[in-house]
Amino acid sequence: MKRRALHLLRNIGIVAHIDAGKTTLTERILYFTGKSHKIGETHQGNSQMDTLKPEIEKGITISAAATQTEWSVSGQTHKINIIDTPGHVDFTIEVERSLRVLDGMVMLFDAVAGVEPQSETVWRQSQRYGVPAIAYVNKMDRPGSDFFMVIQQIKDQLDANAWPIQVPIFEDNQFVGIVDLLSQEASVWSEEEGQPQSIEIPAALLATVDFHRNALLEELASLDEALLDRYLNLPASISEEEWRAALRTAVVQQSIMPVLAGAAYKNLAVQPLLDAISWYLPSPLDTPATQGMDPNTEQTIERTVDTQEPFAGLVFKVILDEQNRRLSFFRIYSGRLAAGDSVLNVRTGKKERISQLYQMHANKRTELKEAFAGDIVASLSLKQTRTGDTIAAPKAPILLESLYVPKPVMGVAIEVVKTAQLDKLGIALAKLAEEDPTFKVVQNHETGQTIIRGMGELHLEIILDKLQHDFGVAVNIGQPQVSYLERLQTHQREWGRLKKQTGGPGLFAEIEVELGPADPEFLADPSNGRLQFVDKVVGGNIPKSLVPFVEKGFRTAMESGPLAGHPLESLKVTLWDGKTHPKDSKPLAFELCAQNTYREMAINLAPQLLEPLMKVEVQTPEPYLGSVIGDLNRRRGLIRGQQLQHGRIVVQAEVPLVEMFGYVSHLRSSTAGRGTFSMQLTGYTAVSNVALQKA
């Protein structure tokens with residue numbers, strides 16, 4: 001890999017609500033940077049970034065795809081690593097794991113629809129990992145586009161400090177170009193060529209440009225005391241380069257989200273976005289030192305973006321290639337890695353040899369001899385890695401923070417058509433679960449059914465398609481099922497006892513525990529998981545070596561709630577005391593004792609059944625509004641609001657997921673095919689008496 005100065009490297013993601021134009025924009029970026037010589041289109045099924053069969057058939061991105069390109073601006077050539085992410089809520093894990101390893105992002109918004117439900121989701125994800133952003137208001141060529149309306153929505157709905165750094169230019173109500181507020185230069189584009197042409201700022205825009213430029217400069221000056229003093233006294237002394245440097249600092253510190261305008265499909269105003277990526281988004285050197293834990297001492301340690309540091313990387317994605325081989329994507333945070341080096345999987349404690357390294361362009365690979373801190377690469381060599389694993393230099397291990405994985409909300413029962421394929425099904429499901437952390441396989445021991453769980457109907461549809469076409473396993477499919485949870489509402493402290501004697505060695509364990517729901521503060525950090533285990537045993541009544549087996553027992557038991565066998569939302573276990581037997585107190589005894597104690601106590605802790613609650617947004621022509629609202633009410637929906645948006649009514653509601661099965665067909669028939677909707681998980685709510693029979 002040709003090594004460039006780190007300050008010229010950009011690791012970015014392109015994120016947005018579905019159909020905002022992410023892949024379309026990525027295709028234009030590749031074309032205008034010279035990476036490709038032909039523009040691919042999602043609706044024609046020939047985009048370079050959407051290569052999976054379902055992506056081509058449905059015209060949407062399902063799996064995040066990585067590529068890289070170069071762009072020269074201000075006399076410097078920047079290397080840009082890009083991850084094009086899905087916008088559909090069912091594939092939100094693709095956004096999650098991409099943002100975990102990126103330094104910056106371009107957030108797209110539809111110039112007509114503005115901030116949509118999935119926009120809010122990806123914004124929250126980016127805030128979780130502290131990813132700086134610039135916004136690109138796409139589809140400015142559409143009738144009803146409103147650049148400044150979208151900026152106001154970004155401020156109001158995302159609570160982001162969004163500021164325009166451009167003003168759009170219209171001719172005969174058609175979007176044709178932009179005015180850069182810092183350089184005060186105007187450019188227009190022709191759709192056919194896609195290349196900018198400089199013009200004078202239109203007279204009708206002078207007042208608008210002046211107003212927004214002054215507002216932007218005041219905001220930038222307010223964030224820098226030295227700059228503010230100069231701005232108040234000698235504003236003309238501040239050069240364009242200084243203003244750009246101030247804006248870059250504000251973006252890196254996440255104090256400002258600059259907003260640009262464009263129409264990627266029409267090849268309008270893509271180049272200024274590339275300039276902004278190069279100018280304002282951070283390089284790896286702008287990011288804080290990566291913190292992790294020394295697995296031997298459990299002390300916090302740091303690694304800086306330096307090739308002289310020991311190697312450390314995070315595996316953020318594992319997929320199966322066209323030959324069903326495991327391809328692991330990872331970000332290198334420190335050091336360097338050469339083909340032939342050995343790395344330590346810190347989770348398993350095992351070493352693996354990196355026999356090959358690849359730079360990815362969608363599903364195409366270019367072999368590398370070595371890679372460096374800041375790079376995003378892939379390898380077929382890591383046979384035991386999972387998503388979220390840390391790989392490090394064997395002599396300098398570090399455990400990096402993993403990533404948040406949302407819980408599945410829907411499931412279906414499956415069975416093989418031919419019994420001879422049962423083993424093949426098990427292997428296929430295991431591989432798919434390794435590839436996708438939000439896909440889970442559960443065996444219902446009471447019915448003997450295999451239940452696959454995922455993030456929604458489309459997610460499960462894609463999984464079933466892969467089973468059939470990639471693995472050759474034909475299955476029968478049951479009705480979709482909601483993934484319910486159970487919640488304990490009260491606390492209780494009791495003794496639990498296990499004593500088994502069969503003539504030979506026996507099993508003995510006694511524990512005093514307090515059980516109840518986990519503390520809100522504990523659950524506020526998604527990385528904590530669902531089990532809050534507190535060891536308060538004093539005096540050695542339970543040896544420290546046996547305490548982890550008590551925790552393991554409760555962790556296993558909480559996967560089956562006391563009401564209907566659904567997993568617990570959370571559990572807090574406080575271990576107060578216990579008793580042991582000199583010979584019979586084995587690890588298994590304390591694990592089984594914990595499971596038995598849970599089953600005896602949980603039913604008395606006011607258990608409650610919870611169901612997934614979806615935030616639903618329906619867009620409909622006004623004549624069908626009554627029908628839409630009436631139907632949502634029948635589905636136990638709670639209407640949260642409605643607003644007029646470009647001649648259509650947008651209805652916001654919260655509806656239990658179980659009531660949304662088949663909704664798309666019903667909405668189409670009740671609105672003459674003119675209604676659309678989107679939904680995302682907003683949380684879990686107690687199941688009402690009306691719905692208990694559906695659980």
Side-chain angles (χ1 to χ4, degrees), residues 96-97 99-101 128-130 284 287-318 326 328-338 340-355 357 371-379 381-405 433-434 437 522 525-535 537 542-556 573 575 587 590-591:
E96 187 80 33
R97 56 185 172 188
L99 290 174
R100 170 63 183 85
V101 298
R128 182 180 298 134
Y129 299 115
T287 59
T290 300
Q291 288 195 336
M293 184 184 73
D294 186 324
N296 298 316
T297 65
E298 298 189 358
Q299 298 295 313
T300 299
I301 54 178
E302 288 187 346
R303 293 285 165 80
T304 58
V305 184
D306 189 337
T307 56
Q308 301 306 311
E309 289 262 14
F311 167 77
L314 182 76
V315 177
F316 66 95
K317 183 172 181 173
V318 178
R326 303 173 83 256
S328 302
F329 292 74
F330 55 95
R331 161 78 184 263
I332 301 177
Y333 283 96
S334 64
R336 58 179 293 279
L337 185 66
D341 288 350
S342 292
V343 298
L344 175 72
N345 184 320
V346 182
R347 176 182 60 85
T348 64
K350 296 181 179 179
K351 289 194 292 185
E352 296 191 69
R353 184 174 177 271
I354 303 291
S355 57
L357 284 170
F372 306 88
D375 288 333
I376 295 175
V377 293
S379 177
S381 309
L382 300 170
K383 307 300 183 185
Q384 306 297 324
T385 58
R386 299 178 187 169
T387 297
D389 280 357
T390 301
I391 52 177
K395 294 183 178 180
I398 181 175
L399 182 62
L400 303 178
E401 179 189 1
S402 190
L403 65 153
Y404 170 69
V405 178
E434 285 185 5
F522 177 85
D525 184 352
S527 64
N528 285 334
R530 297 182 293 126
L531 176 63
Q532 181 181 5
F533 188 84
V534 182
D535 178 12
V537 177
I542 299 179
K544 289 295 182 183
S545 61
L546 294 176
V547 170
F549 294 94
V550 178
E551 180 177 357
K552 181 182 177 183
F554 281 108
R555 191 178 300 279
T556 301
V573 178
L575 181 62
F590 279 87
E591 186 176 337

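On a predicted model such as this, the values are computed, not experimentally measured, just so you know.
We find the CZ-CD1 distance between Phe316 and Ile376 to be 5.5 Å, quoted to the nearest 0.5 Å. We find the CG-CZ distance between Leu337 and Phe330 to be 5.5 Å, quoted to the nearest 0.5 Å. Note that OG1 of Thr290 is 12.5 Å distant from CD1 of Ile332, once rounded to the nearest 0.5 Å. Arg303 contributes atom CZ, which lies 13.5 Å from atom OH of Tyr333 (distance to the nearest 0.5 angstrom). The CZ atom of Phe311 sits 11.5 Å away from atom CD1 of Ile398, with the distance rounded to the nearest 0.5 Å. Between the CZ atom of Arg353 and the CG atom of Asp341 there is a distance of 9.0 Å, given to the nearest 0.5 Å.
In plain terms, the two heavy atoms of Ala392 and Pro397 that are nearest each other are CB-CA, 4.1 Å. Listed here is the closest heavy atom pair of Val377 and Ala371: CG1-CB, 3.8 Å. Scanning both residues, Ala338 and Arg336, for their nearest heavy atoms gives CB-NH2, 3.7 Å. Here the closest heavy-atom approach between residue Pro284 and residue Arg331 is recorded as CB-NH2, 3.9 Å.
Ser334 contributes a side-chain N or O that, together with a main-chain N or O of Pro310, makes up a donor-acceptor pair within less than 3.5 Å. At distances below 3.5 Å, not a single donor-acceptor pair connects side-chain atoms of Arg326 with backbone N or O atoms of Val318.
Between Leu531 and Val573 there is a side-chain heavy-atom pair separated by less than 4.5 Å. With contacts defined as side-chain heavy-atom distances shorter than 4.5 Å, the pair Asp535/Lys544 qualifies. The shortest distance between side-chain heavy atoms of Phe533 and Leu575 falls below 4.5 Å. At least one side-chain heavy atom of Leu400 sits less than 4.5 Å from a side-chain heavy atom of Arg100.
Sorted by first and then second residue, the pairs that involve residues 381-393 and meet side chain to side chain donor-acceptor pair (under 3.5 Å), not counting sequence neighbours, are Arg97-Thr387, Ser328-Thr385, Asn345-Asp389, Arg347-Asp389, Ser355-Ser381, Gln356-Ser381, Ser379-Ser381.
Side-chain polar atoms of Thr304 and Glu309 form a donor-acceptor pair below 3.5 angstrom.
Judged as a salt bridge (charged side-chain N to carboxylate O under 4.0 Å, His left out), and not counting sequence neighbours, the contacts of Arg128 are Glu96.
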